[in-house]
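Working notes for the structure below.
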Amino acid sequence: MTTKPLKVMLVDDQKMANFINKKLIEISGFSSHIIDYTIPNAALSNLDKDQPDLIFLDLNMPEINGWTFLDILEKDERPTRVVIVTSSTSSIDKEKAQKYARVIDFLTKPLTKNTILSLKSKLDLAG
Amino acid sequence: MNLSGAKYRITYEAFSKFSGNLSKVESLEELGKIISRHLKYLFNYKVFKIMILHEQSLAGYTFLPGKTITHTQQQDLEPYERLLLKDKIPFVNSIDSTELPEYLKDVKLNNGNLWGWFLAYSEYQICISLVSDDDTYFSSSDVDIVHLLADSVASKYRQISLSEILQQNNIHLESLVTEIACKNKEIKAINDNQQLVIEARTEELLQKNKKLFELSRLNAHDLREPLSRVLGLLELAEHLPQDELRSSILPKIKEASGHLDQVIQRVVTQSEKELINIKSSQP
């Protein structure tokens, strides 16, 4: 069990999506330290300040989509891990996500308490 | 005895030469020329006429010293020839120059004789007539050589006719071959065109299918996004106390459902528009 509290960043252009995911993460005891952004650029420029351990990233966003976000993140030295959270069920997207080492999971909306608990045990096992 | 033997030998040699030249003949025109050239070495004559009849066609020549007249029509048959064709009986009659046909009016006769023979072959009938007189004497011993001549001319005529038929058949065949080649070309052109039409049509259908697939994919994605929020809120509802559910989740479910409804309406309208576009681009 990790003793250090997990810092989570949510990036989704839909405010309501962030609301739902934040609540679920709290309820399931996954993390209590959650920052959310509806503007991807804002999230990127606050990386230094926020220092998240894990980013929940939506793919379908205007201006900077999830893939561009990942490409920019690749240039960052920190090994910040990413969980993709998308309404897409496309297998093409899922395959594409595997090319990024920092992407540890690909989850389809809506998240449930159970999915978050599975993710938690996955992280606990990995250390 | 010696005299007739010598005459027989000379005539036979003359006939050999005639046969030799005849074998090289390839047309009716040449046939007339060759007979005309050799005739005087075979026997004496004032006028020699040979008519070859084959079904409806007729070919014939009248030979005078230094002159040949060609016959191609039934009306060139003289009355005594028609009689000969009917009775088939050879004859020799004395004849006066005034009794000769119009085109032979210039022939002068001194005790003239008109000879006539009929010869039948498998496909032809030959009618021969000869005018002689005391100055150009034709004897009955010359009849054999006349028959020999008729046999040779008949077989040559047959050969020429057959080769003409063959040539005509060949020309006909060639024109048929050309026609078939033309038709083949036409058929190929039709087939090629058909192929192009099929290819264009297939390509068009592929494009339309692609468009329809794109459309359904986009629709599914656009619909899933707002739906996932409704479902996400319902998931949350299960884990929250009643009062919080009522105060903060239910209004959000209402909002998210309203948004989903808007998206559904937009997707339906757009799909209809796209489908009309795809349909109207049909040829």
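Heavy-atom basis, side chains included; hydrogens, waters and symmetry copies ignored. Order of the sequence lines fixes the chain letters, A, B, ..., with proteins taken first and strands second; residue numbering starts at 1 for each chain.
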In terms of heavy-atom contacts, does [atom1] of [X] have more than 12 from other residues, nucleotides or ligands at under 6.0 Å?
X	atom1	result
B:Arg246	CZ	no
B:Lys33	NZ	no
B:Leu212	CG	yes
B:Glu199	CD	yes
B:Gln207	CD	yes
B:Ile198	CD1	yes
A:Glu74	CD	yes
A:Glu63	CD	no

How many angstroms lie between [atom1] in [X] and [atom2] in [Y], if you round to the nearest 0.5 Å?
X	Y	atom1	atom2	value
A:Ser87	B:Glu225	OG	CD	3.5 Å
A:Lys22	B:Leu236	NZ	CG	12.5 Å
B:Glu235	A:Thr112	CD	OG1	4.5 Å

Checklist entry - What pair of heavy atoms forms the shortest contact from B:Leu240 to A:Ile27, and how long is it? => result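 Reported closest heavy-atom pair: CD2-CD1, 3.7 Å.
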What one should report as the nearest heavy-atom pair of A:Pro110 and B:Ser228 is CB-O, 3.3 Å
B:Lys252 vs A:Ile20 side-chain heavy atoms within contact, under 4.5 Å: no
Just wondering, do B:His239 and A:Glu26 contact through their side chains at under 4.5 Å, heavy atoms?
no
So, the part of A:Asn60 with a heavy atom under 4.5 Å from chain B: the answer is side chain
Whatever's closer than 4.5 Å to a heavy atom in chain B on A:Ser28 counts as neither
Can B:Arg229 and A:Lys109 be said to form a side chain to side chain contact (heavy atoms under 4.5 Å, CB included), step by step?
CA-CA 8 Å; B:Arg229 289 198 291 277; A:Lys109 286 182 189 173; 5.8 Å; no
**Item:** Heavy-atom proximity to chain A below 4.5 Å, by part of B:Leu227
**Value:**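 Interface part for B:Leu227: neither.
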